[in-house]
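A short worksheet on the structure shown next.
Each chain gets a letter, A, B and so on, in the order its sequence line appears, and its residues count up from 1.
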2 protein chains.
Amino acid sequence: MVAERADVLPALAEVFREHGYEGASLALIGQRTGLGKGSLYHFFPGGKEEMAAAVLAEIDAWFEQHIFRPLREEDPRRAVPEMIRAVHGYFRSGQRVCLVGAFALVDVRDRFADAIRSYFAAWTDALAQGLERGGLAEVEARDRAEEAVAAIQGALVLARALDDPGSFHRAMARIEARLMSG
Amino acid sequence: MVAERADVLPALAEVFREHGYEGASLALIGQRTGLGKGSLYHFFPGGKEEMAAAVLAEIDAWFEQHIFRPLREEDPRRAVPEMIRAVHGYFRSGQRVCLVGAFALVDVRDRFADAIRSYFAAWTDALAQGLERGGLAEVEARDRAEEAVAAIQGALVLARALDDPGSFHRAMARIEARLMSG
DNA sequence: GTCTATACAGTGATAGAC
DNA sequence: GTCTATCACTGTATAGAC
């Protein structure tokens, strides 16, 4: 039924997103992936830590392809609105959590420090580079990029806390407007 | 050595902040509070859930006293910079995490949904009210308040992820400037 | 009030049959 | 590859001595 490791990554990611690293028990993972522990350890000999690392790598690859690269290479007047649209879809209007951000807030951050840091650094860098190519000065571009990336994470926290997708919508609209102005 | 429940709340809060709800084991809590399980269950008959609820209540009370009330009652030209300063100190320049925000991102949110929602709602409301008294129109005040509260949460995520207090400093400066303008 | 001892379900992980 | 059985261990929680 499951041919390769990549086939279980989406379900795996969802479990980590919903329950966090500690909360994602192997029993739960087994249920949601439809795989027994034997199969799971066949695909991930390193156990839960390797599962989480694989999920983080896949997330990074997805963002690299759909968000970071377009920001670096395409016309920023198109890439920025496209980023907003992609983020909106990916995080399901704020009802889905950013796994990398959630990991950053607890002690598992130390275990995956490099992956977490590089994800946010790549995002900020790509966005800043796009804004700069769009005509902004370097410092202004970096400042806006850092603000926007943080604002997205904050919007996710707030939308989850208030259980209000509307607040996520409003936040994304603000972010887009601010990135595109000037 | 420990006279009342409130005496262990600070240590308790720190354990939850560092390890999250699932990661905060009773063994760890026992170490950090210096109390045995017997004592812990004497103070918190409801176990870990009651501990977390007590911590959330204490956090809410702290913010109510030091941030929400000043925003509602004092001159916003003074209360807003004071909020920035208080937030900066409370979160240790972004090296300390917001427990309420961290809880909001995982499934324990559902267990403490009311406390989490009311914390962020109270913050946003108090800030919006202050801005309005400062002369902003109602919709503009609410919009800026929501943005600022989310931005603080985002700044905490980013500062932890990048392990860079500098990004938190910059974010707080931006937030203050934006709240005080106009 | 604080401790130790303990119950017992659940944890991550391994071994081996198929 | 996938399963079941099982491991040693840790989890929360309780009981009872002091």
Q.
Taking the minimum atom-to-atom distance to the side chain of B:S39, which one of C:dC3, D:dC3, C:dT11 wins?
A. C:dC3
Q) Once you round it to whole Å, what is the distance between C1' of D:dA13 and CG of B:L28? A) 17 Å
Q | Between CG on residue B:L71 and CG on residue B:D125, distance to nearest 0.5 Å | A | 11.0 Å
Q. For B:E140, does the CD atom sit with more than 12 other heavy atoms under 6.0 Å from it, leaving out its own atoms?
A. yes
Q.
Among residues 12-21 of chain A, which ones have heavy-atom contacts with DNA chain D below 4.0 Å?
A. none
Q.
How many whole angstroms separate atom CZ of A:F43 from atom P of C:dA13?
A. 17 Å
Q.
Closest approach to the side chain of B:K48, judged atom by atom: which nucleotide of C:dT2, C:dA13, D:dA13 is it?
A. D:dA13
Q. Rounded to the nearest Å, what distance is computed from the CD1 atom of residue A:I29 to the P atom of nucleotide D:dT2?
A. 16 Å
(Q) Is it true that, when you exclude B:E138 itself, more than 12 heavy atoms of the residues, nucleotides or ligands shown sit nearer than 6.0 Å to its CD? (A) no
Q: Provide the full list of salt bridge (Lys or Arg N to Asp or Glu O under 4.0 Å) pairs with a residue in residues 53-65 of chain A, sequence neighbours left out, each pair given once.
A: A:E64-A:R72
Q) What nucleotide, of C:dC3, D:dT2, C:dA13, holds the atom closest to the side chain of A:L35? A) D:dT2
Q: Let me know, please, whether A:S25 or A:G38 comes out on the 5' side of the other along DNA chain C by nearest nucleotide.
A: A:S25
Q. Relative to the 5' end of DNA chain C, which residue comes earlier, A:G46 or B:H42, by the nucleotide with the nearest heavy atom?
A. B:H42
Q: May I have the distance from A:Y41 (atom OH) to C:dA13 (atom P), rounded to whole angstrom?
A: 3 Å
Q: Taking all heavy atoms of B:V106 and all of A:R17, pick out the closest pair and write down the distance.
A: CG1-O, 4.4 Å
Q.
Please report the distance, rounded to the nearest Å, between CG in B:L26 and C1' in D:dT12.
A. 6 Å
Q: Rounded off to whole Å, could you give me the CG-to-P distance for the A:L40 and C:dT14 pair?
A: 13 Å
Q. Around A:R77, counting heavy atoms of other residues, nucleotides and ligands shown, do more than 12 lie under 6.0 Å from its CZ?
A. no
Q: Could you please name the option among C:dT14, D:dA13, D:dG11 that lies closest to any side-chain atom of A:K37?
A: C:dT14
Q: May I ask you to check whether A:F168 and A:H88 place their ring centres under 6.0 Å from each other?
A: yes
